[in-house]
Amino acid sequence: MRFGLSPEQTLFRDSVGRYLRDHSALDRVRRFADRDEKRATDLVAGLVELGVPALLVPEAHGGIGLTALDACVVAEALGYRVAPVAFAANAAMAPTALLLAGSEAQKRDWLPSIADGGMIVGAALSELCGARLGAGVAASGGRLRGKALFVLDFEADAYLVADMDGGLHLARADAPGLSRARLETVDRTRPIGELGFDNVAAEPLPGASMDVCRQVLDIGRTMLAADTLGAAQCMIDRAVVYAGQREQFGRVIGSFQAVKHMCAEMAAHLEPTRASVWYAGHAIAEGSDEAHLVACHLKALLGEVGRFVAKTATEVHGGMGFTDLVGLHYWYKRIGFNRQMLGSPERLRIEAARAQGLAA
Amino acid sequence: MDLNDGPEYAAFREEIRAFLVSREADAPAVRGPNDGKARAWQRLLIERGYAARTIPRQYGGGGREPDILKSRILAEEFARAQVSPGLGGQGISMLVPTLLDVGTEAQRMQFIPPTLSGEMVWCQGYSEPGAGSDLASLRTSAVLDGDHWVINGQKIWTSTAHVADWMFCLVRTEPDAPKHRGISFLLFRMDTPGIEVRPLIDMTMRRNFNEVFFTDVRVPKDQIVGKRGEGWKVANVILKNERDSLGDPNQTLTRLNMLIDIMKSETIDGRRLIDDPLWLDRLMRIQGRVMAMRHNDLRVLSSKLNEGQDSSLARMIVKLQGTELRHELEALAIDAMGEVGLAYGANPYVRDNGGWQYWHMYYLGLIIGGGTSQIQKNIVAERGLGMPREPRAGEA
């Protein structure tokens, strides 16, 4: 029995972490957020070099053929540095959908371009997690009609689109009849947007079903949860450092129990979720029956714990935590984004209950 | 990541399951009295290597090689079957490992076999009215007078003192030494003249604790474990293990499953509680946290089995998170049952024999005992996160 990351996974995490530390520092994140860059092409290229979008793509299709657990490790590293790059949809949900439901020809067409960074694929599955504002996509005769909101990894070359009957489709961003509008949110590190489909030609994935959609959501949710784990860990680390430097009443504030206990509570709530992220990654990789339940609970739990850490770490920084100067708010907002997207905690807990037959 | 037991362990698990089915009739009640049936069961479990598993045979143990995974499988399977895993108590869980570590050969031969068999029951004399979180400031004194220590003072929170045959006790023997270096670890019979045990009824209205008073209690000089003044070190061999066992997520899971059953069977306005989205949401919140604590537990277990895995922070938070979570879990059952949840004692509508109220209160006791939640947070902050220590009195 061995529960945890392998030495290779630790090594991979560290190399992605080092790259992001050197290239996705706060000033780089700010530039992305302030200038409304579409894509951080320098970071995208660097991560392609490290094999990030190729993670889940099998070697036969030009990828590395690793597992959901390896993807969790990367998501955590990206969250730690609030890296402004596509990941959950492009590197996890789209390859998963193609592998589960794509034809051999589709796998051949799409997977190598995802792996080598030649193509970025966003995901329009939000309507499966509760349709709002009357959105929804209908498919008939290879054509899509309707509207998809809150599309993840929006600045993409193509989109994985769910219809309301469990069908999945790949639509190119430049397809005639497809309209795109970016939706500004509180988190400016990850663009989302809205897609309008006016009789748009798209490729259906022949093996798609509600069950496949659920598995695509499971991995997407697990990635967002792992992103929160990383972002929250960074906030704790920064709060501990700050509390060790800032002096009031003649001592560092980190020596006051009130402040120490805030930090201890953050760590005590966050640490068990680390094991759960690994467990979820492993369960998805193994195709375990538990995967869906664990992914729902994990994202719900990290939604709650993330919010607590985001608030508390900001408070430890006092007034400075509230300013743009320190920039902690990028983490705060990233954690808030992960909480809402692909199912809020309340919705995920109902799904968790359904997964065990406890709710209809 | 490899969560499989492997063939040897799968076979071991099967062996335990078969044993539990075939011998169920011989098992005494879980946490029942230490009577003839309980001791016969204990003998059988030791013989089969299911209790006192790794304690050498010459001391009356099972004499098996240490195997963390087999110990874990035993705990899981006995818990799943809700069958008594043998005798517990602080003698077996705390004193025996201490004697194995630092006792003399004569002490091991004298004390370990009757302790394991249940003939010698122990209580632990650590906390005092003035020494709780700051245990090392304890003041019960022992002064050497010829061949005897003479003990004066008072202990509190002493579980089982009223049924124990012996006490293992921390006393101050070097009043002039720094507080951690002036303590010794003594063993003595509870029927020694000068010992008075008074019950301390807790909020559950049970006698879980006692106060113990010492007036010129004379204890033979050689009944000391370790050297004079080294009692703090001796006690710390096992204090850490005590914390590890508080807040065990596997026990919490058993209670969670009982809670789910309650929410499926109890109704309000004719509707099952579980069909009410509000109660369902609260149940799922707790379930998600229990799940994470079980994964955390797997991680801690794995780090004991495999080189190079660090889980020190994961381990440090178990008592803090585990006891708070269990307290909240019991509260949810009480809340969901409304007025029925109040039933305690002689009430025809009482559920689980009053267990939900009892454990809710008991776990508040455990949040405080064994190192309060606030002390746990100090430990997490200072040792886990490397934050500065609180300035000591006189330093600031």
Side-chain angles (χ1 to χ4, degrees), chain A residues 1-7 9 67 69 236-237 239-240 243-244 250-252 254-257 259-269 271-283 285-286 293-294 296-298 300-302 304-305 345-346 348-350 352-353 356 358-360, chain B residues 1-6 9 68-69 72 249 260 263-264 274-275 277 280-285 287-289 291-303 305-306 308-309 311 313-314 316-318 320-321 324 373-374 376-382 384-391 396:
Chain A
M1 184 270 190
R2 189 189 161 91
F3 182 93
L5 304 180
S6 66
Q9 283 161 339
T67 71
L69 180 55
I236 295 176
D237 291 350
V240 168
R251 35 196 274 217
V252 292
S255 69
F256 289 107
Q257 271 191 336
V259 176
K260 235 188 292 198
H261 286 193
M262 290 165 95
C263 294
E265 282 167 19
M266 289 193 277
H269 281 103
E271 198 56 25
T273 69
R274 185 181 313 283
S276 268
V277 165
W278 296 345
Y279 193 95
H282 179 67
E286 297 282 295
L293 174 63
V294 173
C296 289
H297 266 319
L298 173 70
L301 181 64
L302 267 161
E304 309 287 9
V305 171
E346 291 73 15
L348 291 166
R349 287 193 289 265
I350 290 177
Q356 324 165 58
L358 296 177
Chain B
M1 197 76 137
D2 176 10
L3 300 183
N4 295 313
D5 284 347
Y9 294 103
I68 292 167
L69 217 44
R72 166 62 68 105
I260 293 174
M263 302 231 322
K264 281 176 165 173
I274 200 140
D275 295 330
L280 184 67
D281 188 66
R282 280 188 63 186
L283 179 68
M284 289 298 103
R285 277 174 185 263
Q287 189 183 49
R289 290 164 62 198
M291 181 195 81
M293 289 308 290
R294 291 187 66 233
H295 298 156
N296 189 69
D297 183 57
L298 284 175
R299 179 183 172 199
V300 171
L301 172 67
S302 175
S303 72
L305 296 169
N306 298 287
Q309 292 190 327
S311 71
L313 186 57
M316 250 174 239
I317 57 138
V318 170
L320 174 62
Q321 293 297 87
E324 301 274 359
S373 283
Q374 287 63 41
Q376 300 301 322
K377 287 177 196 173
N378 285 352
I379 293 172
V380 170
E382 291 173 9
L385 302 176
M387 297 186 77
R389 291 183 68 98
E390 186 83 359

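Reminder, nothing fancy here: chain letters follow the sequence lines and each chain counts from 1. Quantities reported herein were computed from a predicted structural model and do not represent experimental measurements.
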Across all chains, not counting sequence neighbours, the ring-ring contact (aromatic ring centres under 6.0 Å, His included) partners of A:His282 are none
Contact between B:Met284 and A:Leu358 at the side-chain level, heavy atoms closer than 4.5 Å - yes or no?
yes
Between A:Ala353 and B:Leu280 the two heavy atoms that sit nearest each other are CB-CD2, 3.7 Å
When the 4.5 angstrom heavy-atom criterion is applied to A:Glu304 and chain B, the contacting part is side chain
Rounding to 0.5 Å, atoms CD (A:Glu271) and CG (B:Leu320) come to a distance of 12.5 Å
Residue from A:Met262, A:Arg2, A:Glu265 scoring the most non-hydrogen pairs under 4.5 Å with chain B is A:Arg2
Tested for side chain to side chain contact (heavy atoms under 4.5 Å, CB included) against A:Pro272, the lone hit among B:Asp297, B:Val318, B:Asn296 is B:Asn296
Highest number of heavy-atom pairs under 4.5 Å with chain B among A:Gly244, A:Ala275, A:Ser6, A:Pro345 belongs to A:Ala275
Turns out that what part of B:Asp5 lies under 4.5 Å from chain A's heavy atoms comes down to neither
Given B:Leu69, B:Leu305, B:Asn378, the one with more heavy-atom pairs under 4.5 angstrom with chain A than any other is B:Asn378
One should read off an interatomic distance between A:Ser276 OG and B:Arg299 CZ, to the nearest 0.5 angstrom, of 11.0 Å
Applying a strict 4.5 Å limit to non-hydrogen atoms, the region of B:Leu385 in contact with chain A is both
Residue from B:Lys264, B:Gln374, B:Met263 scoring the most non-hydrogen pairs under 4.5 Å with chain A is B:Gln374
Between the OH atom in A:Tyr279 and the CE atom in B:Met291, the distance rounded to the nearest 0.5 Å is 9.0 Å
Among A:Val305, A:Val294, A:Val252, the residue with the most heavy-atom pairs under 4.5 Å to chain B is A:Val294
Nearest heavy-atom contact between B:Gln321 and A:Ala268 is NE2-O, 3.1 Å
Rounding to 0.5 Å, atoms CD (B:Gln376) and NE2 (A:His261) come to a distance of 10.0 Å
Sorted by chain and number, sequence neighbours left out, ring-ring contact (aromatic ring centres under 6.0 Å, His included) with A:His269 holds for A:Phe308
To the nearest 0.5 Å, atom CG of A:Leu5 lies from atom CD of B:Gln309 at 8.5 Å
_Using side-chain heavy atoms (C-beta onward) and a distance below 4.5 Å, is A:Trp278 in contact with B:His295?_
no
How about B:Gln287 and A:Gln356: does a side-chain donor come under 3.5 Å of a side-chain acceptor?
yes
Side chain to side chain contact (heavy atoms under 4.5 Å, CB included) test vs A:Phe3 passes for just one of B:Asn306, B:Asp2, B:Leu3, namely B:Leu3
So OG of A:Ser255 and CE of B:Met387: to nearest 0.5 Å the spacing works out to 8.5 Å
The interface call for B:Arg294 against chain A, heavy-atom contacts under 4.5 Å, is neither
B:Leu298 vs A:Met1 side-chain heavy atoms within contact, under 4.5 Å:
yes
